[in-house]
Structure formats: structure tokens, C-alpha cells
Amino acid sequence: MASPGIHFLDAHGPAGMRLYAIGDVHGRLDLLAAMHHRIREEIDRDSPTDWRVIHLGDYVDRGPDSKGVIDFLIEARRRDPRHLMLAGNHDIGFLDFLRAPDPDGLFMRFGGVQTAQSYGVPLNEGPNAWFGKAETLLRKGHAALVKAVPQSHVDFLRSLVFSVSLGDFFFCHAGIKPGTALNKQSPQDLIWIRDVFHDHTGLYPKIVVHGHTPVPEAQVLANRVNVDTLAWQSGMLSALVVDGPDKRILTITVKEA
């Protein structure tokens, strides 16, 4: 018999473990650093028995400092492995471009130019950039970017997992396919799904905590929580905090960063 699912109000985090789930960063190192500072202040003040900080993916593209964000996350995980990093579609798109550049792919169409700039590499963008000497421009830009991106950054992107489950919560970048068991979700759905997931009103076995689709403020529903508040453009980075039965939204704005 299928589980009836769990409602957000009834959901608990793991006993003795506080959880922080941070939404899409998209190159906003200033906001990410400020969020980590706030989290560290809370942990030092409250001394929870244990904790995890879950980053929900999309570290690169659109914002000004994707390189800095990856450096920051690598160092955070090196200092304490309780910092968990999940894959977002833009992070996988960056890897895809490094492996095989595509002028019509996600990276070039949706913010990869800004990512390349953060590594000191100018890339042409826009519909006219690939006419005439398109192949040469693409080849040269790609070669320069491959040379500029440290191997440690490639290794970091390759190390990203697609989901993590803690207590009554399931964390992923985009969402899940309704009707499919949590341990059977495809990586494609976990980083790309939208409408069929958003439109589903039934309860899931766990509360799905995700980003991927921007909302003006963190969205808390019976079956899911969306913490993508368009940080790169809005200047607001959001996180869900879970401590036993207690849940709250933590936000950092550009004025605090």
C-alpha cells in the first residue's frame, strides 16, 4: 500500500541535526558569503548537536563571479564535509560546454558568457556572434576557457550529486517526477523538471526542497518548498532552515552582503 505522504507542517528534520538548504546562487559570491556568515553565526550561537548546509545547485552563469562561487564552495567543503553540494542544470551545462562547445546550448544562451568572464575569458554572444567566423570564434573561446578553468573546478562540478534525503525532506535542484519513487528519479528530472512537478498537488513521501524556478519570495507549499528567489538579479538569496519540527525561511539581501 502506497504511503499517504507527508505534509510540510508535520515534517521533521533528523533528530539532533539542523539543516540549511540554500537556493540558486548564479555567480553571486557576495550573497553566498553573507549567507554562510549568517549560518555560522547561528551555529556558533545555538551550538546544535549536528548540522548540514545543502546547496541546491546552479552556482554558475548569469551573475558576476561564478569562479569565485566555485572557489568558495570548494574551500567550504574542504573545511567541513557537512557542506553538501547538489548539481543544477547550469552546473551540468558548464561541464557540457567545456567538453563540447555548442553556440545554441544552455551555457551560451543563458548566462555562460558571464561565467567565462569571471575566468577572464571573453566570449561572443547574441545571434550575430556566430555568423562569418563562427567556428573559429567558438573554437578559440572554448580553448581559452578550457585553459582558464582549473582542474579543481572541473573535479568539483563532476563530484556534484543530484539529490540528498535527510529526515522528512528530499533535496534536489529542480524537483521530482510525481508517481516515481524518490530513489528512482532520473538525473534529468532532478535538474530540469518544472510544470508536471509544480502542478502536482498531492503529497510526496517527503517534502521536496528545490530551486530552479524563480519566485519573488520563498514558496512554502504542503508538498514542496522553493527557495530560488532569483539571487543574481533580485539581490536576495534564500534558504530553508529545519531544526527538528521547526521550519523557517532565512534570507540575505544585497544590503547585507
Side-chain angles (χ1 to χ4, degrees), residues 2-3 5-6 21-27 54-63 66 69-70 73 77 84-116 142 145-146 149 153-166 168-215 218-219 221 223-232 238 240:
S3 168
I6 189 165
I22 304 174
D24 303 36
V25 177
H26 280 303
I54 305 112
H55 304 78
L56 297 176
D58 275 10
Y59 312 116
V60 303
D61 296 349
R62 292 178 165 144
S66 294
V69 166
I70 294 180
L73 292 174
R77 189 166 66 181
L84 310 179
M85 286 76 173
L86 306 185
N89 58 316
H90 283 262
D91 311 311
I92 301 303
F94 187 16
L95 276 178
D96 290 343
F97 184 83
L98 291 173
R99 182 171 54 251
D102 179 1
D104 298 316
L106 174 69
F107 186 78
M108 286 304 302
R109 292 178 60 207
F110 297 102
V113 170
Q114 286 74 31
T115 296
H142 172 256
L145 186 58
V146 168
V149 175
H153 286 207
V154 175
D155 293 342
F156 170 80
L157 292 168
R158 288 174 176 167
S159 76
L160 300 175
V161 297
F162 290 93
S163 66
V164 65
S165 183
L166 294 164
D168 292 329
F169 296 85
F170 181 85
F171 303 88
C172 60
H173 175 63
I176 66 171
K177 185 176 181 179
T180 299
L182 295 179
N183 63 354
K184 300 293 185 181
Q185 296 289 326
S186 73
Q188 181 77 3
D189 283 332
L190 291 170
I191 64 172
W192 277 105
I193 201 166
R194 278 201 169 101
D195 291 350
V196 67
F197 168 62
H198 296 161
D199 294 342
H200 182 74
T201 58
L203 298 180
Y204 295 117
K206 296 194 176 191
I207 303 302
V208 181
V209 184
H210 66 97
H212 185 54
T213 302
V215 286
Q219 183 181 43
L221 301 176
N223 59 2
R224 63 182 178 89
V225 179
N226 182 356
V227 287
D228 179 5
T229 48
L230 198 67
W232 71 274
S238 298
L240 172 68

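- For the 3.5 Å distance criterion, the side chains of S165 and K206 qualify, holding a donor opposite an acceptor.
- Note: H210 and F197 meet the aromatic proximity criterion, with ring centroids under 6.0 Å apart.
- Here the rule is side-chain contact (heavy atoms from CB on, under 4.5 Å) with F169, and of V208, I6, I207 only I207 fits it.
- Between the side chains of T115 and R62, no donor-acceptor pair of N or O atoms lies under 3.5 Å.
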* To do: Apply side-chain hydrogen bond (donor to acceptor under 3.5 Å, both in side chains) to the pair N223 and H200, showing each step before the final yes or no.
  => CA-CA 9 Å; N223 59 2; H200 182 74; 5.2 Å; no
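- A heavy-atom distance below 4.5 Å is not found between the side chains of D96 and L106.
- Side chains of R224 and H198 form a contact here, defined as non-hydrogen atoms less than 4.5 Å apart.
- Side-chain contact between L160 and D91 is present, with at least one heavy-atom pair separated by less than 4.5 Å.
- The shortest heavy-atom contact between A116 and F107 is N-CZ, 4.4 Å.
- Counted by atom type alone, D58 and H212 present zero donor-acceptor pairs between their side chains at under 3.5 Å.
- Side chains of I191 and I92 form a contact here, defined as non-hydrogen atoms less than 4.5 Å apart.
- Between H142 and F97, the two ring planes are perpendicular [angle over 60°; tilted spans 30° to 60°].
- Outside the 6.0 Å centre-distance limit, the rings of Y59 and H26 are not counted as a close aromatic pair.
- The shortest heavy-atom contact between M85 and L73 is CE-O, 3.3 Å.
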